[in-house]
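Quick notes on the structure that follows.
Just so we're clear, the structure is a prediction, and the values are computed from it rather than from any experiment.
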Amino acid sequence: MAYPLLTNCPVCSKQLKITKLQCKHCHTTVENEFELSKFAALGQEQLHFIEVFLKCRGSIKEVEKELGISYPTVRGKLDDIITALGYSLAKKQEVDKKKIVSMLEKGEITAEEAITLLKEGEA
């Protein structure tokens with residue numbers, strides 16, 4: 001039975017290093033220091049979100065439908081994952097009011113979501 005990969009020490013919470021790999025078939029063992037992918041530190045919920053996001057080819061509208069969440073929630077989850085991967089978020093981007101109104105007119109977002117996005121731009 002395989003267990004999920006631990007990325008942090010259960011005692012001190014510092015990042016663990018992978019030092020041993022073994023083939024299940026021939027039992028060849030390789031020992032050294034191996035780096036983990038940045039994605040290894042993400043939680044299952046975050047990895048599931050990334051999988052859905054990629055499956056939807058980056059369409060936030062499709063992600064909304066598949067996960068049953070709002071546009072601002074999708075954006076928030078993306079921001080959380082970007083931060084968890086070690087990237088800094090760009091400073092508050094200028095809100096494109098015309099784009100928000102266009103999305104509202106096309107039915108891509110609700111009026112409440114449009115208001116939330118416009119308020120985010122004012123903050």
Check: Side-chain contact, heavy-atom cut-off 4.5 Å: F34 with T19?
Finding: no
Margin query: As an exercise, state the distance from CD1 of I81 to CD of E45, rounded to the nearest 0.5 Å.
Written below: 8.5 Å
Note to self: In this structure, would L117 and I82 fall into the same cluster of hydrophobic residues linked by side-chain contacts under 4.5 Å?
What the structure shows: yes
Item checked: Residue pair A111 / L104: nearest heavy atoms and the distance that separates them -> N-CD1, 3.5 Å
Next item on the list: Compare all side-chain heavy atoms of M103 with those of E113 and state whether any distance is below 4.5 angstrom.
Entry: no
Item checked: Of E64, K65, E51, E62, the residue whose pairing with C56 passes side-chain contact (heavy atoms from CB on, under 4.5 Å) -> E62
Checklist line | Side chains of H25 and C23 in contact at under 4.5 Å (non-hydrogen atoms) | finding: yes
Notebook entry, point to check: Should L16 and V30 be regarded as members of a common hydrophobic cluster, given that ILVMFWY residues are connected when their side-chain heavy atoms come within less than 4.5 Å of each other, either directly or indirectly?
Noted result: no
Checklist line | side chain to side chain contact (heavy atoms under 4.5 Å, CB included) evaluation trace for T7 with L36 | finding: CA-CA 8 Å; T7 57; L36 291 171; 3.9 Å; yes
Check: Passes side chain to side chain contact (heavy atoms under 4.5 Å, CB included), E66 versus F53? Steps please.
Finding: CA-CA 9 Å; E66 179 143 344; F53 185 80; over 6 Å; no
Check: Honestly curious: do L42 and L5 fall in one hydrophobic cluster under the side-chain, below-4.5 Å linking rule?
Finding: no
Margin query: Is there a path of hydrophobic side-chain contacts, each under 4.5 Å between heavy atoms of I/L/V/M/F/W/Y residues, joining I115 to V101?
Written below: no
Check: Does the pair E33/K17 count as a salt bridge with the N-to-O cut at 4.0 Å?
Finding: yes
Checklist line | H48 side chain reached by L67 side chain, heavy atoms, under 4.5 Å | finding: yes
Check: Just by modelled atom types, is the I69 backbone N or O under 3.5 Å from a matching donor or acceptor in the T73 side chain?
Finding: no
Next item on the list: Measure the shortest side-chain to side-chain distance between V74 and F49 over non-hydrogen atoms and say whether it is less than 4.5 angstrom.
Entry: yes
Notebook entry, point to check: Hey, what do you get for CG (D79) to NZ (K77), rounding to the nearest 0.5 Å?
Noted result: 12.0 Å
Next item on the list: Say whether, by atom type as modelled, one donor and one acceptor occur between the side chain of S102 and the main chain of K98 under 3.5 angstrom.
Entry: no
Check: Does any non-hydrogen side-chain atom of E112 lie less than 4.5 Å from one of Y71?
Finding: no
Item checked: Nearest-0.5 Å distance, CG of residue D80 to CD of residue Q46 -> 7.0 Å
Check: How many angstroms lie between CD1 in I109 and NZ in K61, if you round to the nearest 0.5 Å?
Finding: 10.0 Å
Notebook entry, point to check: Distance from R75 atom CZ to L78 atom CG, nearest 0.5 Å?
Noted result: 8.0 Å
Item checked: Flag side-chain contact, heavy atom, 4.5 Å: K14 against N8 -> no
Notebook entry, point to check: Do the side chains of Q44 and L47 get nearer than 4.5 Å, heavy atoms only?
Noted result: yes
Next item on the list: State yes or no: do L6 and F39 share one hydrophobic cluster built from I, L, V, M, F, W and Y residues joined by side-chain heavy-atom distances below 4.5 Å, directly or via other members?
Entry: no
